[in-house]
Amino acid sequence: MDPMHTPAAAPDATAPTNAAAQHDDAPTTTAMVTAAPSAAWTAASAALRGKRMLAPMVRIGTLPLRMLAHDYGADYVYSPEIIDKRIIGSDRVVNELLGTIDYVKKGTLNFRCLPAEKPRLIFQMGTADPDLAVQAAQTVAQDVAYVDVNCGCPKWFSIQGGMGAALLYEPDRLCAILEALVARAGVPVTCKIRMLEDVDKTLALVDRIVNTGIVALAVHCRTRHMRPTDPGDWAIWSAITERYAHRLPIIANGDIFEGEDMDRAIAQAGVSSVMLARAAQANPSVFAHPAPLADIHDVIRQYIRYAIKYDSIFQNAKYVLLQMIPEPKSPIGQRLIKSKSLRTLAEIWDMEDEHDQLVAEREARRAELLASVAAAPAAAVTAPVSVPAEEEITSPSKKRVERDEEVAAPAPPAPEMDADKLLGHVDFNKQGGDESECPYIPHPIYIPTKKRKVESDAAEPEAAAAAAAPAPDAAA
């Protein structure tokens, strides 16, 4: 059964039930119980109470892993962090072949989601500018439940652009971004931060953030300068929840490595919900707690099925599996490192027949869709035309227009590529794919350089250096 094939009902704002219960084939889990929310909470806030969440992780939180997390009981899933300028101007394409919504810009797939994900999907953006943040949020608003501002990423590519953890030290800019989003995004707004070096300074920052009107706050229990191997400070959650848990949900993130840690975070720190990153990256079945972890090779096989079904970019799928494989130096790990396509991934886990069957089913659907188009009267043939976001958002206050306008089109063209475009599908894996096509590697060209003077000749070397810099791997 495909748990996301049919549209999911909107979450009940008053019932903290686990999303896994919505799927017959998902493991049964025990819902977390937290203190009842204040009457001042909005329905959007209450919906984030008592939940287990897949953290935003660059290159990890793509569609196949989000699906897998849902299967095992994650109530909400975050997209990978996507920079505001990257999503702004993307065409929203209805991919009839895959059943997905694709955001494509200049031939690059920037974001892919399923319509059924919407009630439980949180879009995380990297931003350093209120107006750009609003435009990015409005671009995806119709396909997500919330938008989240990344104020915690300590990686260079975020910091140098004034994004991520850099915003923690510019509270005026951070609050201006959140206030603009709350006023104009069109969807509820959340925020994810790290603790500062001083508890009092952290509380002062949280006080300002809470007063912007966001509906939930996620807090990572490490500072910007701490390494992932440094123990997190869970005491910061207690300090924050004591003051603000009656105002909005406080979501714990950091050093939650197993199911028991989720229980402890709720019991000891009093947080509203928990967010898992590395634990879910290693084995998404952690969300099924108190059920034991599923065999990792069974988990990988299901991931591969989703990757094939939704035609995931091979390089991204390979990267995710390299995080899951327990022994990279084992024979199976070495085969994974040398793999060159989705089919070779399937072969490693003896799934080549399943791969071929899934591809055959997709080709049959392609033929069926094209046949129905060919059978339709020429005047009735329509194709989705996506309006670039720059043309849609003429002013911050203007409502975004509907993007999937239908226009008359001629009879379906003969060339295969034109036929694929008619179905809203682009084969990003053609001829083995290209790493540059992977949407979840931040491209420096889309990252604003802090205090850049566009008109100044002095900015040219800086811009050139940024464009030439390698794109790092990072987890938001």
Side-chain angles (χ1 to χ4, degrees), residues 4 56-67 77-127 132-150 181 185-187 306-307 310-313 315-317 383-393 399-406 420-429 433-434 436-443 445-447 471 476:
M4 304 297 290
M57 292 180 283
V58 172
R59 300 189 74 187
I60 300 294
T62 47
L63 181 56
L65 192 76
R66 298 199 306 267
M67 296 281 289
V77 294
Y78 283 71
S79 74
E81 178 201 18
I82 299 178
I83 296 165
D84 50 17
K85 287 188 176 182
R86 188 175 186 86
I87 200 69
I88 294 170
S90 294
D91 293 335
R92 180 183 183 273
V93 180
V94 178
N95 189 326
E96 295 187 50
L97 185 61
L98 302 181
T100 59
I101 304 297
D102 296 348
Y103 284 84
V104 181
K105 180 177 179 179
K106 297 180 180 178
T108 296
L109 175 66
N110 288 321
F111 179 51
R112 172 171 286 168
C113 60
L114 283 173
E117 278 192 291
K118 179 178 178 177
R120 301 186 292 276
L121 178 58
I122 303 174
F123 180 88
Q124 191 189 67
M125 71 174 76
T127 186
L132 294 178
V134 169
Q135 291 182 56
Q138 292 177 337
T139 298
V140 300
Q142 65 182 302
D143 295 310
V144 301
Y146 301 82
V147 294
D148 180 83
V149 176
N150 178 356
L181 285 169
V187 288
Y306 282 136
Y310 294 107
D311 202 19
S312 297
I313 295 175
Q315 288 87 349
N316 199 84
V385 174
S386 300
V387 181
E390 292 96 335
E391 297 177 17
E392 293 180 305
I393 305 169
K399 296 287 186 180
R400 61 190 304 279
V401 300
E402 184 61 38
R403 307 167 111 190
D404 295 325
E405 301 176 355
E406 291 191 346
D420 274 352
K421 286 183 178 179
L422 190 62
L423 302 180
H425 180 67
V426 176
D427 185 358
F428 292 100
N429 282 307
D434 186 342
S436 67
E437 295 173 344
C438 181
Y440 308 103
I441 306 174
H443 287 197
I445 191 172
Y446 289 112
I447 300 174

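Along the sequence shown, residues are numbered consecutively beginning with 1.
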Problem set entry | K105 side-chain N/O to I87 backbone N/O, donor-acceptor pair under 3.5 Å | no
For this session: May I have the step-by-step check of side chain to side chain contact (heavy atoms under 4.5 Å, CB included) for L121 and C113, ending in yes or no?
Result: CA-CA 9 Å; L121 178 58; C113 60; 3.8 Å; yes
Exercise. Quick one: are M57 and S79 in side-chain contact, heavy atoms under 4.5 Å?
Worked result: no
Exercise. For the side chain of R92 and the backbone of Y103, is there at least one donor-acceptor N/O pair under 3.5 Å apart?
Worked result: no
For this session: Give me the one residue out of I101, N95, V93, T62 that meets side chain to side chain contact (heavy atoms under 4.5 Å, CB included) with R112.
Result: N95
Exercise. Can any side-chain N or O of N316 pair as donor or acceptor with the backbone N or O of R59 at less than 3.5 Å?
Worked result: yes
For this session: Grab the two heavy atoms, one from A137 and one from A185, that are nearest each other, plus how far apart they are.
Result: CB-CB, 3.8 Å
For this session: Determine whether the side chains of D102 and H425 contain a donor N or O and an acceptor N or O closer than 3.5 Å.
Result: no
Seminar exercise, completed: Looking only at heavy atoms, the pair that brings V187 and A141 closest together is CG1-O, 3.5 Å
Seminar exercise, completed: Heavy-atom closest pair (Q124 atom, E81 atom, distance to 0.1 Å) is OE1-CB, 3.3 Å
For this session: Could you tell me the separation between the CD1 atom of I313 and the OG1 atom of T108, rounded to the nearest 0.5 Å?
Result: 8.5 Å
For this session: State whether the side chain of E117 and the backbone N or O of L114 hold a donor-acceptor pair below 3.5 Å, judged by distance alone.
Result: yes
Problem set entry | Heavy-atom closest pair, residues P115 and G99 | CD-O, 3.4 Å
Exercise. Do the non-hydrogen side-chain atoms of V149 and L181 ever get within less than 4.5 Å of each other?
Worked result: yes
Exercise. Under a 4.5 Å cut-off applied to non-hydrogen side-chain atoms, are V144 and I122 in contact?
Worked result: no
Problem set entry | Residue pair A307 / A317: nearest heavy atoms and the distance that separates them | CB-CB, 4.3 Å
Exercise. What distance separates N150 CG from I83 CD1, expressed to the nearest 0.5 Å?
Worked result: 10.0 Å
Problem set entry | Approximate separation, where rounding is to 0.5 Å, of D148 CG and M125 CE | 8.5 Å
Exercise. Is there a side-chain contact between Y310 and L63, using heavy atoms and a 4.5 Å cut-off?
Worked result: yes
Exercise. Would K118 and D143 pass as an ion pair if we require N to O under 4.0 Å?
Worked result: no
For this session: Would you give the length of the straight line joining atom OH of Y78 to atom CZ of F123, rounded to the nearest 0.5 angstrom?
Result: 13.0 Å
Problem set entry | T127 OG1 to I82 CD1 distance, which is reported to the nearest 0.5 Å | 13.0 Å
